Amino acid sequence: MEDDDDCPPLAVELPPRVPSPPEQSPSDASPVGITVITGYLGAGKSTLVNYILNEQHGKRIAVILNEFGEEIGVERAMINEGQGGALIEEWVELANGCVCCSVKHSLVQALEQLVQRKDRMDHILLETTGLADPAPLVSVLWLDDQLESSIVLDSIITVIDAKNFRVQIDEHKNSSSFPEAFHQIAFADVVILNKIDLVEDSLEDLEKHIRDVNALVTVVRSVRCQVDLNEVFNRQAYGAKNSSHLQELLDYSKSVPPSRRHDNSISTLCIYEQDSVNLAKVESWLEDLLWEKKSIMDIYRCKGILYIHDSDQVHTLQAVREVYEVVPARKWSETESRMNKIVVIGRNLDINVLQDSFSGCKS
């Protein structure tokens, strides 16, 4: 059994630093990707972090232990404590080039200091503590590419205890509420289904329950969170460059039985529209859906491809809670069927309301 979720990574004594040749300045280099790691206490978050920090992967990785807990928010994270505030509690440098720190105050300042280090990191892992909803972090970390930020949100990873997840599923069947684990799955780009060696049930059945909540998620099975690191790094889940991968994810929603398309659980629905849409009307539709909340639907995430009127560009849509972005990604190819395809993840979803309201965006 794993019981080391509270154990920090072990520090190792470093040999004397050997001078290295000059590198790119932070302003000239490409942005550093940030991966947010969520999951219940005991699921294996720290086991995953320790595995990454001790694996010989050749990457310089920084791990930030975020101790905001449930109080994290945009306003709190942007607070400037100044020189009198304890910005970073301690840095621990590891033998394989990784670093680890604990942040109690300004997350943004800690990230800025991190990417300005001379021994620039290749990737940043942000392990949350007691944070069920990572959406407030998204609003801090997910920045427009045009801002030329030195950091970029790469993905959200949720670690799930496979054995306890079965218990949560069974409890959910006899309750009007839903486990917080379902909430974390809804925001995840990758779910690590951990401790599969302790599960006697069908893993395919567990994965189906995960994808019923979030059809967009990639599920990775693991024992003690020992995973292929290519499944963790460079996901680019919030970039516009991976739109071609969206089609197979959209197709999954067609297999969801109609009986699951209107209930009070967290689920995934898909909207299709053949005709081109007006960009301004789409933005108004999103703002009504995400900001005004005129219905009982609670939207967690949206992701899709848009066929915009009078444009030869594929536009991609990304939304997490109230934060959304619609950007041109590339030109439509001559062989593509131009149409709108949007995945919506949330609670109390009504496919008829979503489809009819989006149809109102047609030019």
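These figures come from a predicted structure and were not determined experimentally.
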Smallest separation among heavy atoms of Lys163 and Val199, with atom names = N-CG2, 3.6 Å
message = Between Asp122 and Arg60 (salt bridge meaning N to carboxylate O under 4.0 Å), is one present in this structure?
response = yes
query = If we only count heavy atoms from C-beta on, is the Asp189 to Ile157 side-chain gap below 4.5 Å?
reply = no
Smallest separation among heavy atoms of Lys303 and Leu216, with atom names = CB-CD1, 3.7 Å
task = Name all residues meeting the side chain to side chain contact (heavy atoms under 4.5 Å, CB included) criterion together with Glu334; count only those two or more places apart in sequence or in a different chain, and write none if there are none.
result = none
Modelled atom types, side-chain donor and acceptor of Glu231 and Thr218, under 3.5 Å = no
message = So, applying side-chain contact (heavy atoms from CB on, under 4.5 Å) with Thr268, which one of Val343, Asp212, Leu349 is it?
response = Val343
ask   = salt bridge (charged side-chain N to carboxylate O under 4.0 Å, His left out) with Asp205: which residues, sequence neighbours excluded?
value = Arg166
inquiry  = Just to verify, what does Asn352 make a side chain to side chain contact (heavy atoms under 4.5 Å, CB included) with, not counting sequence neighbours?
reply    = Asp350
remark   = Smallest heavy-atom separation, Gly42 atom then Asp161 atom, equals O-OD2, 4.2 Å
key: Any donor-acceptor pair under 3.5 Å from Thr158 side chain to Gly39 backbone   = no
message = Using the side chain to side chain donor-acceptor pair (under 3.5 Å) criterion, which residues pair with Ser155? Sequence neighbours excluded.
response = none
request  = Compute the ring centroids of Phe165 and His209, then answer whether they are less than 6.0 Å apart.
outcome  = no
query = What distance do Leu125 atom CG and Ile64 atom CD1 have between them, rounded to the nearest 0.5 Å?
reply = 9.5 Å
query = For the atom pair CZ (Phe182) and OG (Ser267), what is the distance rounded to the nearest 0.5 Å?
reply = 11.5 Å
query = Under the 3.5 angstrom rule, does the side chain of Gln236 hit a backbone N or O of Leu153 as a donor-acceptor pair?
reply = no
Considering all heavy atoms, the nearest Phe187-Arg321 contact = CZ-NE, 3.7 Å
query = Rounded to the nearest 0.5 Å, how far does OG1 of Thr38 lie from CG of Leu126?
reply = 10.5 Å
inquiry  = Nearest 0.5 Å, please: how far is CG in Leu269 from CD1 in Ile351?
reply    = 5.0 Å
Qualifying residues under ring-ring contact (aromatic ring centres under 6.0 Å, His included), relative to Phe358, sequence neighbours excluded = Trp285
task = For Ser333, check side chain to side chain contact (heavy atoms under 4.5 Å, CB included) against everything at least two apart and list the hits.
result = Thr335, Glu336
task = Can you sort out the partners of Glu287 under salt bridge (charged side-chain N to carboxylate O under 4.0 Å, His left out), two or more places apart, ordered by chain and number?
result = none
query = Among all residues two or more places apart in sequence or in another chain, which pass the salt bridge (charged side-chain N to carboxylate O under 4.0 Å, His left out) test with Glu283?
reply = none
ask   = Going from CD1 on Ile185 to CG on Asn214, what distance comes out if it is rounded to the nearest 0.5 angstrom?
value = 8.0 Å
query = Rounded to the nearest 0.5 Å, how far apart are CD1 of Ile345 and SG of Cys270?
reply = 10.5 Å
key: Listed partners of Glu322 passing side chain to side chain contact (heavy atoms under 4.5 Å, CB included), at least two apart   = Trp291, Lys293
key: Within-4.5 Å side-chain heavy-atom neighbours: Val232 and Val190   = no
key: Stepwise side chain to side chain donor-acceptor pair (under 3.5 Å) check, Gln313 with Ser311   = CA-CA 5 Å; Gln313 297 280 315; Ser311 174; over 6 Å; no
Test item: Ile210 and Leu193 side chains (from C-beta on) under 4.5 Å apart, heavy atoms = yes
message = Go through it in stages, so that I can follow the logic: the residues are Tyr300 and Ile266, the test is side-chain contact (heavy atoms from CB on, under 4.5 Å), and I'd like the CA-CA distance, side-chain angles, deciding distance and then a yes or no.
response = CA-CA 9 Å; Tyr300 296 165; Ile266 302 177; 3.5 Å; yes
query = Is the shortest distance from a Lys or Arg side-chain nitrogen in Glu207 or Arg211 to a carboxylate oxygen in the other one below 4.0 Å?
reply = yes
key: Pairwise side-chain contact, Leu48 with Val227, heavy-atom cut-off 4.5 Å (strictly under)   = yes
query = Between Val159 and Ile37, does a side-chain contact (heavy atoms from CB on, under 4.5 Å) hold up when you go through it step by step?
reply = CA-CA 7 Å; Val159 183; Ile37 300 177; 4.2 Å; yes
query = At their closest point, which heavy atom of Trp332 faces which heavy atom of Ser337, and how far apart are they?
reply = CZ3-O, 4.1 Å
Please report, to 0.1 Å, the donor-acceptor pairs under 3.5 Å made by any side chain of residues 273-282, with sequence neighbours excluded.
| from | atom 1 | to | atom 2 | distance (Å) |
| --- | --- | --- | --- | --- |
| Glu273 | OE1 | Ser359 | OG | 3.1 |
| Glu273 | OE2 | Asp275 | N | 3.3 |
| Ser276 | OG | His309 | ND1 | 3.4 |
| Asn278 | OD1 | Ala280 | N | 2.9 |
| Asn278 | OD1 | Lys281 | N | 3.0 |

ask   = Ile296 versus Arg347: any side-chain heavy-atom pair under 4.5 Å?
value = no
query = Sub-3.5 Å donor-acceptor pair from the side chain of Asn194 to the main-chain atoms of Cys225, do we have one?
reply = yes
query = Where do Thr316 and Val326 land on the side-chain contact (heavy atoms from CB on, under 4.5 Å) test, with the steps shown first?
reply = CA-CA 6 Å; Thr316 58; Val326 178; over 6 Å; no
Derivation of the salt bridge (charged side-chain N to carboxylate O under 4.0 Å, His left out) call for Asp154 and Arg235 = CA-CA 6 Å; Asp154 188 60; Arg235 301 292 310 186; over 6 Å; no
inquiry  = Keeping Ser222 on the side-chain end and Arg224 on the backbone end, is there a donor-acceptor pair under 3.5 Å?
reply    = no
note = Residue set satisfying salt bridge (charged side-chain N to carboxylate O under 4.0 Å, His left out) with Asp288, at least two apart, ordered chain then number -> Lys294
request  = Tell me, please, which residues at least two apart from His123 pass ring-ring contact (aromatic ring centres under 6.0 Å, His included).
outcome  = Phe233
request  = For residues Leu354 and Leu289, determine if any side-chain heavy atom of one lies less than 4.5 Å from a side-chain heavy atom of the other.
outcome  = yes
query = Shortest non-hydrogen contact from Ala319 to Tyr324?
reply = CB-CB, 3.7 Å
ask   = Side chains of Leu203 and Ile196: closer than 4.5 Å at any heavy-atom pair?
value = yes
ask   = Does the pair Glu127 and Ser46 meet the rule for a side-chain contact (heavy atoms from CB on, under 4.5 Å), with working shown?
value = CA-CA 8 Å; Glu127 180 188 349; Ser46 292; 2.9 Å; yes
ask   = Is Asp197 reaching over with its side chain to a backbone N or O of Val223, donor-acceptor style, under 3.5 angstrom?
value = no
query = Would you call Val152 and Ile34 a side-chain contact if the rule is heavy atoms closer than 4.5 Å?
reply = no
query = So, Arg330 and Asp312, do they make that salt bridge, N to O below 4.0 Å?
reply = no
